[in-house]
Structure formats: structure tokens, C-alpha cells
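So the structure is just underneath, and the comments pick up after that.
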2 protein chains.
Amino acid sequence: MSVTIKDVAKLAEVSISTVSRVINNSASVSPEARRRVLAAIDKLGYKPNQVARSLVTKKSNLIGVIVTDIGNSYVAQMMRGIEEVGRMYNYDILLSSSYGNPKTELKFAELLRSKQVEGIILISEDVDEAVIDVIKEFNIPFMYLNKYYKVSNLPSVSIDNYEASFMMTKYLLELGHENILYITVNNDKVGSVEKDKIEGYRKAMEEFKKDELILSTKDFTVEAGYDMGNILENLIDERNITAVFCCQDEIAIGLINYCYDSNIQVPKDISICGYGDTKMASIYRPSITTIKEPYYDIGAVAIRRIIKELEGDKIEEPSIYLPIQLIKRESCRRI
Amino acid sequence: MSVTIKDVAKLAEVSISTVSRVINNSASVSPEARRRVLAAIDKLGYKPNQVARSLVTKKSNLIGVIVTDIGNSYVAQMMRGIEEVGRMYNYDILLSSSYGNPKTELKFAELLRSKQVEGIILISEDVDEAVIDVIKEFNIPFMYLNKYYKVSNLPSVSIDNYEASFMMTKYLLELGHENILYITVNNDKVGSVEKDKIEGYRKAMEEFKKDELILSTKDFTVEAGYDMGNILENLIDERNITAVFCCQDEIAIGLINYCYDSNIQVPKDISICGYGDTKMASIYRPSITTIKEPYYDIGAVAIRRIIKELEGDKIEEPSIYLPIQLIKRESCRRI
DNA sequence: GTGAAAGCGCTAACAA
DNA sequence: TTGTTAGCGCTTTCAC
């Protein structure tokens, strides 16, 4: 068996309380006793059993994170922020992947709870009120991170999508583009950020007195972007489209792939920009003009807020918005 | 406070032992008592405290994973496999990122231990014997995953790099390429898989009676690949190089980026292949011919082996090699 | 089939 | 400054 506090106490010839005091620095211990305890700890290679400690202190120092899919680049970036900041404050991360299944999310939430996590971060790509309600009832700090939807009154960290979309559209307009296509993803659900982004696009187009043109694709994948290719090809001729604002980098990449395959040159023949600034956007050629969503920071701020709440701070504003950035790269040119 | 086994016992008017028996199905309980207990559990929304349970059973159902950086695509893929298979067997994942720092790895290893993890998976990119030794001493199932180094006699899951490299080189030769450049990364450390890969390349070149040409770059990054560009440009002229086998996809992508910027067409002017089959390799244009390292499976098999060991199976072979695949895409052409 | 009691490894009164 | 003791929430003998 592994060595316990008793073994240390015996070897150091003190009581277990004294050992406990030494390892927790919780009360004054005579230099002599401390020395003996430390020596014993060293000799035995004693490491306190955190499980036992948790049981009595009711502090697990665990924060549960439920993600859709850790294989998604942006999720991994958020995890980095979560992990790194959590670590600074001595919190460990219990990870579970739901693959977008609400049933699984629910199961994991309860599992995390039974493991006594002190807070939960849910990274979701859909909205399921049932899961949210259950987690809320746990009465522990909770952060809801969703790149695609807003849920009002839920503590979260995100960006101002309206502003970002407006900024990007304006940039394209200022480059001289007059006919700018916005590619969104079919979505009627309440809270979809696409609504805000479309508003931002519209606002800018109106300001420049240009006609809007919005098309939907089926989802946020490279394939969906690729599939928009032939429609775009027609639009270039028929509507003299010179720039496309894609609602996600993946779609932009798919579209540029189509162009590559069809000998349409980007940005010479058409300017294409994305949204998100995933890793790929900077590595791909042409490198992609996009909006940088600060994934790392979103994760970092989310866990920081949880820890603050754990430390007693009440969080005032449920939603925090982080600054975005327009990243100008090769895929969009002045016209 | 949250509801405990006592509350359930009181409401059901049985002893806590009976409640325990019901939730664990550990001994026969009269139908009537079971019914009452179940009703009480349901009414109170009772969830057993896993921490308390762990303390007595000495089973935490936790597996600790130390990764270099969850932001790396291949690490995230491995994590998927680890998480998903762990979940099937009811194990939770405690995640920590070392960012390659051995001191941090060590600290996390001990932290994980004190959290009573039942097994540890270390995903590393360097070799630090000290860390390995410490983890070994924990005497719990341990898997060592390292894409770049082999450490003999350590339980691990990897691929046969010699074979993979041989296969790829042979493929290029069979496409008609005669002068094939292999780009490796400067590395004298023992156990580097680059040694095996170079051997595989050599073997194939010898078999086809061609001269080898090997160059080193500084690390496994896109930038390092890009930096090889001008050297390659000269080599195309001077040595009539028609194909480049890069030891990692990132380097291949960097090199192709250079070509893109310098109006060298891939694969028309030069064929370039990579190694790893990261996500990027299939999305990038031209799509990249590469060796598929089965990251997901590596993670899945690693944790499965840990669980098997936890279940009492002794693991015979320390190292397991998973099958690789040659993925033929656009970046290499017949000559 | 069931309850009482011991104990997992630890912290935190409390008393000395 | 120190030791004794009670418990954290649970499982598991051991009697009955």
C-alpha cells in the first residue's frame, strides 16, 4: 500500500495532526517537530491523498469541462486557455467529449457532479435548455461557451459578432468591392449568432448604399463551402460579385478549394474572407483574411471567472465580450 | 448541503448499508426495501459522492493524461481516442499540458498521483528519463506516447516508421522519380524515429539504385519547411530533384507555401509529400500525399491497454505497432 | 435480508 | 505547541 499520514506520524514520532499541520502550514509547529516531519515525508516519499483531503475539505480542486469535440481546432484552443489558467490557480481539468449529443452532455454533467467538480464549463455548438437547467441546479459556478448561439442570462464569454461582421464588411467595401456575397448557414433557431452577423453585414452594406446578397449553405464545414462553388461561379458572372464573406473559415477554405480546382484565382478573380481565424487560416495559401475570435482567451477568461466565483466574487454581468481583430491577409484584394 | 446516503436511508427507513447495497447491487435486498430506497433516491435526486466512494474502494476511475500541448492537432486526435475509449469503460480523464517542460511533466505526474489516478498516459515530444522513472515508480499502468522518439522497453503504441518511410519512398520511385530529396530534422539524440525513417528511405533508394540526398531543417514546423524553399529551388536545377519526401506534414506544407509564393507549381514542377496525415493534409490544396499515422487509434489502444492492465491482464509486449497507410493525393505526380 | 460498526486518509475543532 | 477525537460519505465485514 501507499504511505499515509499515519506512517509519517509514526516515523516522525508525532501525532497525525502535527503532520497535517506541517503539510498544510495551518498552525504553528515547533521547528524541531517540523524538521522531523519533513524528514519523514522525504524519507517515505509521502504524498497526501487528495481524495481523502477532498472528502473532508469539500474542495476537489477539479473543474469539469464538457466539450463537443476536442478534435475541433477551436475547441482545443479554448482548452489550452482553460487548462493553463486553471493550472495557475491549482485546478485540475476533468475532460469529457459529448460529440454534440445532449443526452451525453447530461450524463457527463451528472458524472462530473458526482466527482465533486467545483465548477463546470460547457462548450457546446447547439442549445439544449434541459442540460443547461440541470447544470444550473447543481449550484456551482457554470460557464457556457457557444460559438454559434447566444443564450441570454447565462454566464458566458464571447465576442460581439455584430460588430465583427460589420467591421469585416466595411473593410471589403473600403477595398472597393461593391457586390459582396455573404454566405451564412441555414438557421432559424433563436439565438443563432448568424442573425447578428447578418445584421452587421447589412448595416455596412446600407451605409455604403450597396445591395445585399445572402446565401445559405448547409453547415459549417469545408465541404459545405466547396459545394457553394458552382453557385458562386454563376454569381460572379450574373451579379458581378467580387468578394465573398464566409461566416466561418472552414467555408472560406472549401470555397477557395473549389476555386483552386476550377482555375478561379483568389484573390485575383475573387476575394474571399472567413471568420474565426482557425489555425488553418494563416497557413493556407492564399492566407485567409478573417476575423480573429480569441479562442484561447475565451477559455482563459471563462475559467478565471469560475475561479473568481469560487473565491467568493459574485459575477455581475453574465456575458462578457472579448475584443476581436480583423486579420488582413492575402485572400482579399483591393479592387 | 447536498444529499447523502444518510438522507436516503432516513427517508426510506432503512439503514445506510441497505442503501449502499441497492446502489451497488452488491447483495440481495428485499423487493420492498429496494423499492423504498429507489423511491427515496429519486425523490431526493441523490447522486453518490464518488470522492467518498473512491476513498474506501481505492478506485478513482480516473486516468491521468499529460500532453505536450492539446492545441497540436495530432495530440487532440489522440485525446479523442483516449477520451472515447476511457468513457466506454467508465474512466474519466484528468488532463494536463506540460508544454514540453520536463519539470512541469514531473510536477503533473505527482499531482495526478496524489489525485489517485489509476493509470497515466504521457504524450511527449522529447525524452526525459527522470520523468519516466518517477512515473514508473508509481507502479500504476503507464503508457508512453511519443511521435518523435522510441524509448525501448517502455509500454507504448506507435507505428513502424522504417516501414512507412520505405513504403513512401518506394511509391515515389515507382511514380518514376529518380532524384528524391528527403528532408529530416536535425537530431542526434538516441531513439529518434528519424533514424528509422532515414533507413527506410535509404533502403528503397538502394533497391532502385538511386543516389540518396538528405537535408536537415531545424524543427517540425511550417516555418522550417518554408525556410527550406530556396535550397530546394537550387536543388531542382542542380540535382534535378523531382520529388521531396518531408518527414512531417507541417514541413511539407511550409515547403509548398514557399513554392506557391515563388511560382513553383506542385506537383507539376515538383512533387512533395508529407508524413502524419494531419487534418491539414487533406484540406490543403494541393491535397498532400502522406503517411497516415493513426493518432486516434494510438490514443484508443493506449488507454485500452491501461484498462486491460487495470483489469488484471499483464501486458506482454511493451511496444505495439499499429498499421500505417499511404494516402495518395494530389501533391505527388507520376513523372 | 438487514443493521451496527469499523475504517478509507485526511482536516479541524477542542482540550491540554 | 501538541495530541485526541470526531467526522467527511461511503463500502464492507460481521452478527443477527
Side-chain angles (χ1 to χ4, degrees), chain A residues 1-38 40-41 44-62 90 110-118 138, chain B residues 1-38 40-41 44-62 90 110-118 138:
Chain A
M1 284 313 312
S2 63
V3 18
T4 75
I5 197 170
K6 274 188 190 166
D7 304 317
V8 176
K10 194 174 292 167
L11 183 63
E13 297 181 301
V14 294
S15 73
I16 60 166
S17 345
T18 300
V19 178
S20 175
R21 283 175 192 119
V22 171
I23 58 186
N24 294 302
N25 251 308
S26 54
S28 44
V29 173
S30 70
E32 168 59 11
R34 156 165 280 111
R35 199 193 52 70
R36 289 216 309 275
V37 169
L38 260 17
I41 287 177
L44 299 172
Y46 169 72
K47 294 268 175 267
N49 179 331
Q50 296 293 346
V51 170
R53 183 177 275 175
S54 291
L55 185 58
V56 23
T57 59
K58 276 151 177 21
K59 274 204 61 68
S60 64
N61 278 279
L62 244 35
N90 249 303
E110 300 192 317
L111 210 117
L112 291 175
R113 185 65 186 126
S114 74
K115 294 252 183 201
Q116 311 303 112
V117 296
E118 297 182 40
F138 291 167
Chain B
M1 284 313 309
S2 63
V3 16
T4 76
I5 198 171
K6 273 186 190 167
D7 304 316
V8 176
K10 195 174 293 168
L11 184 62
E13 298 181 297
V14 295
S15 72
I16 60 166
S17 336
T18 300
V19 177
S20 175
R21 282 174 193 123
V22 171
I23 59 186
N24 294 302
N25 251 308
S26 53
S28 43
V29 173
S30 70
E32 168 58 11
R34 156 165 280 110
R35 199 192 54 69
R36 289 215 309 275
V37 169
L38 259 18
I41 286 177
L44 298 173
Y46 169 71
K47 294 266 177 270
N49 180 330
Q50 297 293 344
V51 171
R53 183 177 276 175
S54 292
L55 184 58
V56 23
T57 59
K58 277 147 174 26
K59 273 203 63 68
S60 64
N61 277 277
L62 245 34
N90 249 303
E110 299 192 317
L111 210 115
L112 290 174
R113 186 66 185 124
S114 75
K115 294 251 183 204
Q116 311 302 114
V117 296
E118 297 182 40
F138 291 167

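Remember, it's a predicted structure, so these values are computed and weren't measured experimentally. Worth knowing before you read on, the calculation uses all heavy atoms, side chains too, and leaves out hydrogens, waters and symmetry mates.
- Between the CD1 atom in B:Ile5 and the CD1 atom in B:Ile23 there is a gap of 4.5 Å [rounded to 0.5 Å].
- Across D:dC10, C:dT11, C:dT2, the shortest atom-to-atom separation from the side chain of B:Val29 is found for C:dT2.
- What you find for B:Ser15 and B:Ala9 is that their closest heavy atoms are C-CB, 3.9 Å.
- A close approach under 4.0 Å does occur between a side-chain nitrogen or oxygen of A:Lys58 and OP1 or OP2 of D:dG9.
- Looking only at distances, no side-chain donor or acceptor of A:Gln50 sits under 3.5 Å from a matching main-chain atom of B:Ser114.
- The distance from atom NZ of A:Lys115 to atom P of D:dC10 is 14 Å, rounded to the nearest whole Å.
- Atom P of nucleotide D:dG9 and atom CD1 of B:Ile23 are separated by 13 Å, given to the nearest angstrom.
- Residue-level contact check: B:Ala27 touches neither bases nor backbone, having no heavy atom under 4.0 Å from any strand.
- What separates CD1 of B:Ile5 from P of C:dC8 is a distance of 18 Å, to the nearest Å.
- To the nearest angstrom, P of D:dC8 lies 14 Å from CD of A:Gln116.
- For A:Lys59, the NZ atom is densely surrounded, since the number of other residues' heavy atoms within 6.0 Å is greater than 12.
- Residues from residues 46-55 of chain A placing a heavy atom under 4.0 Å of any atom in DNA chain D, listed by number, are A:Leu55.
- In this structure, B:Glu110 does not pair ionically with B:Arg113, as no charged nitrogen and carboxylate oxygen lie closer than 4.0 Å.
- Going from atom NZ of B:Lys59 over to atom C1' of C:dC8 covers 16 Å, rounded to whole Å.
- Under the 3.5 Å distance criterion, with hydrogens and angles disregarded, a donor-acceptor pair is assigned to the side chains of A:Arg53 and A:Asn24.
- For the atom pair CD (A:Gln116) and CG (A:Asn61), the distance works out to 13.0 Å, reported to the nearest 0.5 Å.
- In this structure, CD1 in A:Ile16 is found 11.5 Å from NZ in A:Lys10, a value given to the nearest 0.5 Å.
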Output one line per pair: protein atom, nucleotide atom from nucleotides 3-5 of chain D, and distance, for all N/O pairs under 3.5 Å.
residue : atom : partner : partner atom : Å
D:dG3   : OP2  : A:Ser15 : N            : 2.9
D:dG3   : OP2  : A:Ser15 : OG           : 3.1
D:dG3   : OP2  : A:Thr18 : OG1          : 2.7
D:dG3   : N7   : A:Arg21 : NH1          : 3.3
D:dG3   : N7   : A:Arg21 : NH2          : 3.4
D:dG3   : O6   : A:Arg21 : NH2          : 2.2
D:dT4   : O4   : A:Ser17 : OG           : 2.9

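- In this structure, B:Ser20 reaches the bases: a heavy-atom distance under 4.0 Å links it to at least one base atom across the strands shown.
- With A:Asp7 contributing its side chain and A:Thr4 its backbone, the two residues share a donor-acceptor pair below 3.5 Å.
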